[in-house]
Amino acid sequence: CADAAMYRAKEQGRDGYHFYTAELNRQADRRFQLEHGLRSAMERNEFTLYFQPQVHTDSGHLRGAEALLRWHPASGSVNPTEFIPLLEDLRLIIPVGRWVLERACAAAAQWQHGALAGVRVAVNLSVHQLRQSDFVSMLQSILFETGLTPDLLEIEVTESVLLDDRGGTATLLALNGLGVRVAIDDFGTGYSSLSYLKRLSVDALKLDRTFVKDLTTDADDDAIASAVISLAHALAITVTAEGVETLSQKRFLQDRRCDHIQGYLISRPMPESAFLSWAQERAGALVPEVI
Ligand code: C2E
Ligand code: MG
Ligand code: MG
Ligand code: MG
């Protein structure tokens with residue numbers, strides 16, 4: 001981005017350097033504002049959790065929901081793809097991630113008493129959280145205090161965590177021991193090592209949405225999706241396709257025996273109350289051709 005600004009600056013000649021400086025200043029200003037906002041976001045109660053349903057591809061039945069962090073500062077909401085990397089840089093992802101776990105587990109524990117019994121919650125974890133030496137005992141207390149059965153919690157980590165030599169992989173192994181499920185997020189976009197899939201007990205692979213997007217028209221994407229599904233099934237691992245937006249993508253994934261789907265076709269992420277009404281309304285009415 002800075003390179004592109006420099007390039008445009010050169011194109012514009014002498015005055016371009018003013019443009020370049022102005023652009024960099026603007027970016028630095030924005031980052032400063034966001035950092036400042038994030039440092040007080042917790043105490044101001046500006047974070048919320050949204051939930052996005054994950055359903056069985058064949059039956060359309062609800063199998064779980066992914067908890068997704070939202071930030072609504074007074075100045076207007078900010079996209080997670082912008083503020084989450086900042087939380088990571090500032091290491092604020094450690095306290096904020098703990099809050100996410102507490103809220104998500106408390107919510108899922110409530111679901112078990114009603115129509116949503118058996119529905120799992122999936123929570124994204126940062127490698128910085130997994131590197132905390134007290135992470136496992138902290139998670140154990142959260143499970144104990146909320147009363148959530150460990151296998152109803154699925155943690156989502158990206159492939160890079162599988163290569164972490166600063167405690168991340170050791171924590172994942174310990175989480176296996178607690179009975180918490182482990183899903184590999186954005187699968188296929190990072191460095192995948194089949195040996196890690198074997199050493200850790202991975203429960204699910206989430207096929208990245210970049211492979212789902214053109215699945216029905218791009219033979220390479222079809223080949224990758226099909227190979228991921230075969231690999232996973234051979235290792236007794238389930239596959240959830242991310243970013244499913246159309247009925248034809250869904251049918252394609254169903255033909256290839258993809259276990260679960262998640263995406264705008266089913267629903268956008270929503271506040272918990274909306275998620276609960278959505279689930280209640282559709283319970284019993286879920287037939288494959290309707291979803
Ligand atoms: P992710 O874990 O891969 O989450 C899926 C993202 O895809 C979400 O973006 C979701 O809103 C979006 N999505 C779902 N269905 C569709 C679809 O059909 N089409 C398209 N185009 N997008 C779809 P979101 O909520 O903006 O989150 C972005 C990323 O931020 C997440 O990617 C995850 O890596 C991270 N994130 C979100 N919440 C947390 C959190 O609590 N902790 C940590 N560490 N990371 C989080
Ligand atoms: Mg995720
Ligand atoms: Mg993902
Ligand atoms: Mg992603």
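Only heavy atoms go into these numbers, but all of them, side chains included; no hydrogens, no water, no symmetry mates. Counting convention: from 1, in listed order, for ligands and their atoms alike.
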* Would you verify whether the NZ or CZ of R199 falls within 45 degrees of the ring axis of Y196 while also being under 6.0 Å from that six-membered ring's centre? => no
* **Cation-aromatic face contact R30/F32, 6.0 Å, 45 degrees** => no
Counting both backbone and side chain atoms, is some N or O of [X] under 3.5 Å from an N or O of ligand 1?
X: T81; result: no
X: E242; result: yes
X: P80; result: no
X: Q262; result: no

Carboxylate-amine/guanidinium proximity below 4.0 Å for [X] and [Y]:
X: K213; Y: D221; value: no
X: R209; Y: D186; value: no
X: R31; Y: D89; value: yes

* Considering all heavy atoms of both residues, which atom of V121 and which atom of A67 are nearest to each other, and what is their separation? -> CG2-CB, 4.4 Å
* To do: Answer yes or no: are there more than 12 heavy-atom neighbours, outside R63 itself, under 6.0 Å from its atom CZ?
  => yes
* Without hydrogens or angle criteria, can the side chains of E66 and Q52 be said to hold a donor-acceptor pair below 3.5 Å? -> no
* Within the distance-only criterion (no hydrogens, no angle test), does the side chain of T57 pair as donor or acceptor with the backbone N or O of D259 below 3.5 angstrom? -> yes
Using a strict 4.0 Å cut-off to heavy atoms of [X], name the atoms of ligand 1 that fall inside it.
X: V244; answer: 18 (O)
X: D186; answer: 3 (O)
X: G263; answer: 15 (N), 18 (O)
X: P269; answer: 11 (O)
X: Q52; answer: 14 (C), 15 (N)
X: E245; answer: 17 (C), 18 (O), 19 (N), 20 (C), 21 (N)
X: V100; answer: 41 (O)

* Would you sort out whether D203 and R120 count as a salt bridge (charged side-chain N to carboxylate O under 4.0 Å, His left out), showing the intermediate values? => CA-CA 13 Å; D203 298 283; R120 295 195 165 89; over 6 Å; no
Would you say [X] contacts ligand 1, with heavy atoms under 4.0 Å as the rule?
X: R70; value: yes
X: E66; value: yes
X: G97; value: no

Looking only at heavy atoms, is any part of [X] under 4.0 Å from ligand 1, and if so is it the side chain, the backbone, or both, or is it neither?
X: I84; answer: side chain
X: D185; answer: side chain
X: R209; answer: side chain
X: L69; answer: both

* **Residue of the set E154, Q262, H260 for which side-chain hydrogen bond (donor to acceptor under 3.5 Å, both in side chains) holds with K206** => Q262
* To do: Evaluate the criterion ring pair (Phe, Tyr, Trp, His ring centres under 6.0 Å) for residue pair H61 and H56; output intermediate values, then yes/no.
  => CA-CA 5 Å; H61 285 132; H56 289 275; 7.3 Å; no
* Test item: Y50 and T48 side chains (from C-beta on) under 4.5 Å apart, heavy atoms -> yes
* Asked: Given W278 and F51, is the ring pair (Phe, Tyr, Trp, His ring centres under 6.0 Å) satisfied, shown in steps?
  -> CA-CA 11 Å; W278 179 92; F51 294 90; over 10 Å; no
* Aromatic rings F47 and F83: how do their planes relate, parallel, tilted or perpendicular, breaks at 30° and 60°? -> tilted
* To do: May I ask you to list the protein N, O or S atoms found at less than 2.8 Å from the Mg ion (ligand 2)?
  => E66 OE2, N124 OD1, E156 OE1, D185 OD2
